[in-house]
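Start at 1 and go down the list; that is how both ligands and their atoms are numbered.
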Amino acid sequence: MAERVRVDTLSADWQELLAAATAARAAAYVPYSRFAVGAAVRTGDGRIFSGANIENAAYGLTACAERVAIWKAVSEGHQDLAALALVTETGSSPCGSCRQVMGEFARELPVLIADTAGNAWLTSLAELLPLSFSAQDLDDAR
Ligand code: THU
């Protein structure tokens, strides 16, 4: 189960990642939903990439904050994700599509979900996306 924590008790690494997600959230382009999301990933070599959600008048083209952050990391040559932080007003969970994309680039991924009032929940991709489909399933069929 996700562990509820106060942001001010988190490790310096988590606080730094969450600060990056919070800063990114300020750039969310959300004229339709007004629901701003910020995300940040730490890569295996310690670098941080952040992203915000970017909506479109053709609603289906909207990009979630988590995927923007992950795509920035991967497109800069950093495919190994070590941790992800996410912040929304209410501390909501990542969508299913983003969970699947996280799984493409991480075996184990600690995930921190935070709200804007200083509450956070520590969880993991394994908890968020059990029994997931992965490259292993393709290999198993060969
Ligand atoms: N959104 C994210 O950025 N991440 C999620 O995990 C859930 C949803 C965005 C998409 C859209 O811009 C807004 O939140 C409302 O769905």
Side-chain angles (χ1 to χ4, degrees), residues 1-140:
M1 275 292 287
E3 180 196 356
R4 187 174 176 166
V5 290
R6 284 290 304 177
V7 165
D8 50 21
T9 67
L10 290 167
S11 69
D13 274 3
W14 273 125
Q15 294 206 24
E16 183 188 24
L17 199 60
L18 183 56
T22 301
R25 182 171 176 268
Y29 176 73
V30 289
Y32 308 107
S33 75
R34 306 274 172 206
F35 189 80
V37 184
V41 290
R42 188 182 297 281
T43 55
D45 56 4
R47 291 193 50 173
I48 289 176
F49 295 86
S50 63
N53 50 336
I54 304 171
E55 298 185 343
N56 192 283
Y59 296 166
L61 297 181
T62 291
C64 288
E66 300 92 314
R67 273 178 280 170
V68 171
I70 293 168
W71 288 330
K72 283 170 69 177
V74 172
S75 63
E76 298 283 330
H78 302 269
Q79 299 182 355
D80 172 29
L81 305 184
L84 183 144
L86 169 68
V87 60
T88 69
E89 184 179 353
T90 54
S92 53
S93 263
C95 82
S97 298
C98 288
R99 296 176 196 203
Q100 182 68 23
V101 171
M102 291 174 204
E104 186 71 24
F105 299 106
R107 278 175 167 265
E108 287 186 14
L109 187 69
V111 175
L112 181 76
I113 298 170
D115 67 17
T116 52
N119 304 296
W121 292 264
L122 264 176
T123 182
S124 65
L125 182 59
E127 184 176 43
L128 292 167
L129 191 65
L131 299 177
S132 63
F133 183 80
S134 73
Q136 186 64 50
D137 293 289
L138 297 174
D139 290 342
D140 291 348

Subject >> Taking atom 1 (N) of ligand 1 as the reference point, the nearest protein heavy atom with its distance >> reply: Cys64 SG, 3.7 Å
Original post:
With side chains defined as the heavy atoms from C-beta onward, is the minimum distance between Arg67 and Gln100 less than 4.5 Å?
Top reply: no
Original post:
Donor-acceptor pair, Ser33 side chain versus Val30 backbone, under 3.5 Å?
Top reply: no
Original post:
Under 4.0 Å from any heavy atom of Glu55, which atoms of ligand 1 are there?
Top reply: 11 (C), 12 (O), 13 (C)
Original post:
Hey, which atoms in ligand 1 end up nearer than 4.0 Å to a heavy atom of Glu66?
Top reply: 2 (C), 3 (O), 4 (N), 5 (C), 6 (O)
Subject >> Shortest non-hydrogen separation from Ser93 to Leu86 and the atoms involved >> reply: C-CD2, 4.2 Å
Original post:
Which ligand 1 atoms are under 4.0 Å away from a heavy-atom of Ser33?
Top reply: 13 (C), 15 (C)
**OP:** Report the nearest protein non-hydrogen atom to atom 3 (O) of ligand 1: residue, atom name, distance rounded to 0.1 Å.
**Re:** Ala65 N, 2.9 Å
**OP:** Check for a donor-acceptor pair, side chain of Gln15 on one end and backbone N or O of Leu10 on the other, with a separation under 3.5 Å.
**Re:** yes
**OP:** Report, in ascending order of atom number, the atoms of ligand 1 lying under 4.0 Å from any heavy atom of Pro94.
**Re:** 6 (O)
**OP:** Answer yes if a protein heavy atom lies under 4.0 Å from atom 16 (O) of ligand 1, otherwise answer no.
**Re:** no
Subject >> Intermediate values then yes/no, side chain to side chain donor-acceptor pair (under 3.5 Å), Asp13 and Ser11 >> reply: CA-CA 5 Å; Asp13 274 3; Ser11 69; 5.6 Å; no
**OP:** Could you check atom 9 (C) of ligand 1 against the protein and tell me its nearest heavy-atom contact, residue, atom and distance included?
**Re:** Asn53 ND2, 3.3 Å
Original post:
Is it true that a side-chain atom of Arg99 and a backbone atom of Leu128 form a donor plus acceptor pair closer than 3.5 Å?
Top reply: yes
**OP:** If you have a sec, work out which protein heavy atom is nearest atom 7 (C) of ligand 1 and how many Å separate them, to one decimal?
**Re:** Cys95 CB, 4.1 Å
Subject >> Atom pair CD/CG of Gln136 and Asp139 - distance to nearest 0.5 Å >> reply: 5.5 Å
**OP:** Could you list the atoms of ligand 1 found under 4.0 angstrom from a heavy atom of Thr62?
**Re:** 10 (C), 11 (C), 12 (O)
